[in-house]
Amino acid sequence: MVSISSLLSRWGSPLLICSPHLSRPNLLLLPNNKYATFLLGSSERLVRVSSPIAHAKGGRHVWARNSNRLLRGYCCVEASVVAASDDNYGNKQVISVTPRLYDYLLTNVREPEILRELREETAGMRGSQMQVSPDQAQLLAMLVQILGAEKCIEVGVYTGYSSLAIALVLPESGRLVACERDAVCLEVAKRYYDRAGVSHKVDVKHGLAADVLRYMIQMGEACSYDFAFVDAEKRMYQEYFELLLQLVRVGGLIVIDNVLWHGRVANPLVMDSKTLSIRNFNRCLMEDKRVSISMVPIGDGMTICRKM
Ligand SMILES: C[S@@+](CC[C@H](N)C(=O)[O-])C[C@H]1O[C@@H](n2cnc3c(N)ncnc32)[C@H](O)[C@@H]1O
């Protein structure tokens, strides 16, 4: 076994931080091309160790004793694979998407021409990083198709990329209620709905999404929607979710974007209000027996919820 102090001396000048924020013993491996960072700790003590991995060949194991538990981390030089090995995870290996691997993945996405044009036009606009990725849009469209959805809701339209992906696969009789507070973005979205010939399927609601959803419930539309996608204000996620749970039928889906929040949700040292909101929301969803859930590491992380 290697003690933390000998680990530190062997790896040169790593970073050492103590924090009271972890609620249970934890081990995270966050490799990139140059460093591997390990968080080892408990509610009493968190140790973060970063080490250059430039000279490593193959994988290497690191042991550290935390309270009375032995934690073992496996640091992979091939950054496309993360492997964790401890009491919780066994020897499970999971893919970590590198830029090269993501480029490859995108060559396997069938992005309709009109969506590509919208994405390229939006690239020059403020906030273009907010748009869902082509692989996410493809997954949303597939979920809508699998469900045979006729009635959908989107919370957070921006310039319309995800809503257009959904509208394109809706049947002619289908309807998407698209909620957005920014009129300038909506002008771009509406232009593309027109160009794609799907304007008749999209009911644009300009205003605050929670108000629109409340109004829809008051108008007797509860339990009548098949699918909802949430991609707006992060601190409102719980509220959107509660309203959409009323609007969606049993067996319908609510898909929530940005649930991994650029990885910040997994870093106990990050405590800003948006990260806390999403972390709390994820924790509540875990315990929410009204839905079955699947958190998918696509884009910035999406959770698919099915109403029971
Ligand atoms: C992440 S972007 C949506 C991206 C979009 N789904 C796409 O793929 O292009 C979030 C959008 O939500 C809108 N938004 C934020 N808070 C809102 C609210 N309370 N009501 C309605 N729209 C809101 C923002 O104006 C922004 O355009």
Side-chain angles (χ1 to χ4, degrees), residues 106 109 111-112 114-144 149 152-170 176-196 198 201-217 227-244 247 253-262 264-265 273-275 277-278 281 296 298-305:
L106 286 179
V109 172
E111 183 184 38
I114 189 78
L115 283 180
R116 186 184 62 74
E117 287 174 27
L118 171 54
R119 182 167 53 78
E120 287 176 359
E121 178 172 339
T122 305
M125 292 178 60
R126 198 165 62 87
S128 60
Q129 80 289 345
M130 296 194 297
Q131 202 169 49
V132 299
S133 56
D135 45 320
Q136 281 183 289
Q138 186 176 252
L139 177 61
L140 291 172
M142 177 164 280
L143 291 172
V144 167
C152 302
I153 303 171
E154 179 171 271
V155 173
V157 172
Y158 184 49
T159 58
Y161 190 86
S162 49
S163 54
L164 182 52
I166 292 168
L168 284 170
V169 297
L170 279 178
L176 169 68
V177 176
C179 311
E180 171 59 53
R181 68 179 175 193
D182 186 324
V184 177
C185 296
L186 276 180
E187 287 313 310
V188 179
K190 284 194 263 186
R191 182 155 45 83
Y192 274 85
Y193 301 149
D194 273 346
R195 284 188 54 197
V198 297
K201 300 186 204 171
V202 188
D203 182 1
V204 172
K205 302 285 190 195
H206 177 213
L208 295 179
D211 293 345
V212 174
L213 300 179
R214 265 185 231 107
Y215 183 73
M216 288 163 68
I217 294 167
F227 179 90
F229 178 51
V230 179
D231 191 15
E233 171 55 48
K234 309 308 161 196
R235 285 165 291 213
M236 295 282 288
Y237 268 17
Q238 194 66 47
E239 189 166 348
Y240 296 146
F241 180 75
E242 291 301 331
L243 293 166
L244 289 168
L247 286 162
L253 299 185
I254 303 172
V255 180
I256 324 278
D257 197 22
N258 304 106
V259 292
L260 295 179
W261 201 228
H262 317 294
R264 291 188 199 117
V265 285
S273 63
K274 285 190 181 176
T275 305
S277 291
I278 297 176
F281 176 72
V296 185
I298 185 173
D300 194 23
M302 293 204 301
T303 298
I304 302 167
C305 309

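Just follow the structure's listing: the first ligand is 1, and inside any ligand the first atom is 1. Starting from 1, each residue takes its place in the sequence as its number. Computed from a predicted model, the values in this text were never measured in an experiment.
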So how far is it from L139 CG to I298 CD1, rounded to the nearest 0.5 Å?
-> 5.0 Å

By number and element, which atoms of ligand 1 are closer than 4.0 Å to a non-hydrogen atom of Y161?
-> 9 (O)

Would you mind checking which non-hydrogen protein atom is closest to atom 7 (C) of ligand 1, with the distance to 0.1 Å?
-> S162 OG, 3.5 Å

Would you say A209 has any N or O atom under 3.5 Å from an N or O of ligand 1, going by distance alone?
-> yes

Polar contact flag for K234 and ligand 1 (N/O pairs, less than 3.5 Å) | no

Taking only non-hydrogen atoms of Y158 and a 4.0 Å limit, the atoms of ligand 1 in range are 2 (S), 3 (C), 4 (C), 5 (C), 9 (O), 27 (O)

Hey, does the side chain of K190 reach the backbone of V188 with a donor-acceptor pair shorter than 3.5 angstrom?
-> no

So which protein heavy atom does atom 19 (N) of ligand 1 come closest to, and at what separation?
-> Y240 OH, 3.3 Å

Checking S277 side chain against S273 main chain: does a donor-acceptor pair fall under 3.5 Å?
-> yes

Short side-chain to backbone donor-acceptor contact, Q136 and S133, under 3.5 Å | yes

For atom 12 (O) of ligand 1, what's the nearest protein heavy atom and its distance?
-> G156 CA, 3.4 Å

May I ask you to identify, for V157, whether its side chain, its backbone, both or neither come under 4.0 Å of ligand 1 on a heavy-atom basis?
-> backbone

Looking only at heavy atoms, what is the nearest atom pair of G156 and A232, with distance?
-> CA-CB, 3.9 Å

Do other residues, nucleotides or ligands put more than 12 heavy atoms under 6.0 Å from M142 CE?
-> no

In terms of atom number and element, which parts of ligand 1 are under 4.0 angstrom from non-hydrogen atoms of E233?
-> 15 (C), 16 (N)

Check whether any N or O atom of C185, backbone or side chain, sits under 3.5 Å from an N or O atom of ligand 1, and answer yes or no.
-> no

Determine which pairs satisfy side-chain hydrogen bond (donor to acceptor under 3.5 Å, both in side chains) with at least one residue from residues 155-168, sequence neighbours left out, and list them in order.
-> E111-Y161, T122-T159, E154-S162, S163-Y193

Atom 22 (N) of ligand 1 has as its nearest protein heavy atom R181 N, 3.2 Å

Atoms of ligand 1 close to G207 [distance to a heavy atom under 4.0 angstrom, numbered from 1] | 20 (N), 21 (C)

Quick check: does any side chain N or O of K201 sit under 3.5 Å from a backbone N or O of A167, one acting as donor and the other as acceptor?
-> yes

Ligand 1 contacted by S163 (non-hydrogen, < 4.0 Å) | no

Report yes if L208 has an N/O atom closer than 3.5 Å to an N/O atom of ligand 1; otherwise report no.
-> no

Heteroatom proximity flag, D182 to ligand 1, N/O under 3.5 Å = no

Are R191 and D194 within salt-bridge range, i.e. N to O under 4.0 Å?
-> no

Counting from 1, what ligand 1 atoms have a heavy atom of D231 closer than 4.0 Å?
-> 1 (C), 2 (S), 3 (C), 4 (C), 5 (C), 6 (N), 10 (C), 11 (C), 12 (O)

Main-chain N/O of L260 paired with D300 side-chain donor or acceptor, under 3.5 Å | no

Not counting sequence neighbours, which residues clear side chain to side chain contact (heavy atoms under 4.5 Å, CB included) with R195? List them please.
-> I114, E117, Y192

Determine, considering heavy atoms only, which of E180, R119, Q131, M130 sits nearest to atom 11 (C) of ligand 1.
-> E180

